[in-house]
Amino acid sequence: NAGVTQTPKFRVLKTGQSMTLLCAQDMNHEYMYWYRQDPGMGLRLIHYSVGEGTTAKGEVPDGYNVSRLKKQNFLLGLESAAPSQTSVYFCASTPGGWGYTFGSGTRLTVV
Amino acid sequence: GQQLNQSPQSMFIQEGEDVSMNCTSSSIFNTWLWYKQDPGEGPVLLIALYKAGELTSNGRLTAQFGITRKDSFLNISASIPSDVGIYFCAGQLPGNTPLVFGKGTRLSVIA
């Protein structure tokens, strides 16, 4: 049982490049979330989805886009990466309520 | 956005000592949760609290949901080296909204 899988685990981007982070869950969860973790800032919500085909903005959505075309996948896109987007990105899912299962993270560096 | 004030930011303790950390908010939460993050991993749920005044234990961990529903604390008794990590409080507002996380308490245990 894989749970929540994030790919890639590490990535270095140049300023202005684009990339997509993939989150896949095999638990048939309705809700999925993208958080970013920065030193001393905790986990901040970027975007989330309450079901296939839906997305909503979180606390820090600027510079990111998301898509949930399939229930099991939640994609986070950076169209034009900036150094301020250097962070560790975590995906989480839940069937509903508060029982989040987190992935192991993607460490992104933008130079 | 909503903010949880978590303290202390970091702690260095001797193995065997007890640890206490807490979270406060200006908002009323329906649910309080405590997560632990090991290095290089995503957060894992430790304890969930559902009712004001509730006191819940999980092994050496004890957590309480404050009477006002605006605070929570986590105690760890007789700390051991594997307790090292970052501890996050999280709260859920009414309405099945995404979790709000504190900034974390980084715990170091000196053997």
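The chains referred to below are lettered A, B, ... by the order of the sequence lines, with proteins before strands, and numbering in each begins at 1.
- Closest of all the heavy-atom pairs between A:Phe90 and B:Gly42 is CE2-CA, 3.4 Å.
- Tracing side-chain contacts under 4.5 Å through hydrophobic residues (I, L, V, M, F, W, Y), one reaches B:Phe65 starting from B:Leu61; they form part of the same cluster.
- Contact annotation for B:Gln92: only side-chain heavy atoms (C-beta onward) come within less than 4.5 Å of a heavy atom of chain A.
- Residue B:Gln9 places its CD atom among 12 or fewer non-hydrogen atoms of other residues, nucleotides or ligands, all under 6.0 Å distant.
- Side-chain contact check for B:Phe101 versus A:Gln37: every heavy-atom pair is 4.5 Å or farther apart.
- Taking the six-membered ring where the residue is Trp, the centroids of A:Tyr100 and B:Tyr35 are separated by 6.0 Å or more.
- Contacts with chain B were tallied for A:Tyr31, A:Tyr33, A:Tyr35; A:Tyr35 has the most, counting heavy-atom pairs under 4.5 Å.
- Contacts between B:Leu99 and chain A at a heavy-atom distance below 4.5 Å involve backbone atoms as well as side-chain atoms.
- Residues A:Leu75 and A:Val60 fall into different hydrophobic clusters, defined by Ile, Leu, Val, Met, Phe, Trp and Tyr side chains chained together at heavy-atom separations under 4.5 Å.
- More than 12 heavy atoms of other residues, nucleotides or ligands shown are found within 6.0 angstrom of CD on B:Glu15.
- Criterion: ILVMFWY side-chain heavy atoms under 4.5 Å apart, direct or through other members. Under it, A:Phe102 and B:Ile86 are part of a common hydrophobic cluster.
- Heavy atoms of B:Gln37 lying under 4.5 Å from chain A belong exclusively to its side chain.
- Linking Ile, Leu, Val, Met, Phe, Trp and Tyr whenever their side-chain heavy atoms come within less than 4.5 Å puts B:Ile13 and B:Val84 in one cluster.
- Residues of residues 38-51 of chain A that come within less than 4.5 angstrom of chain B, heavy atom to heavy atom, are A:Gly40, A:Met41, A:Gly42, A:Leu43, A:Leu45, A:Tyr48 in numerical order.
- Taken together through direct or relayed side-chain contacts under 4.5 Å among Ile, Leu, Val, Met, Phe, Trp and Tyr, B:Val100 and A:Met32 form parts of separate hydrophobic clusters.
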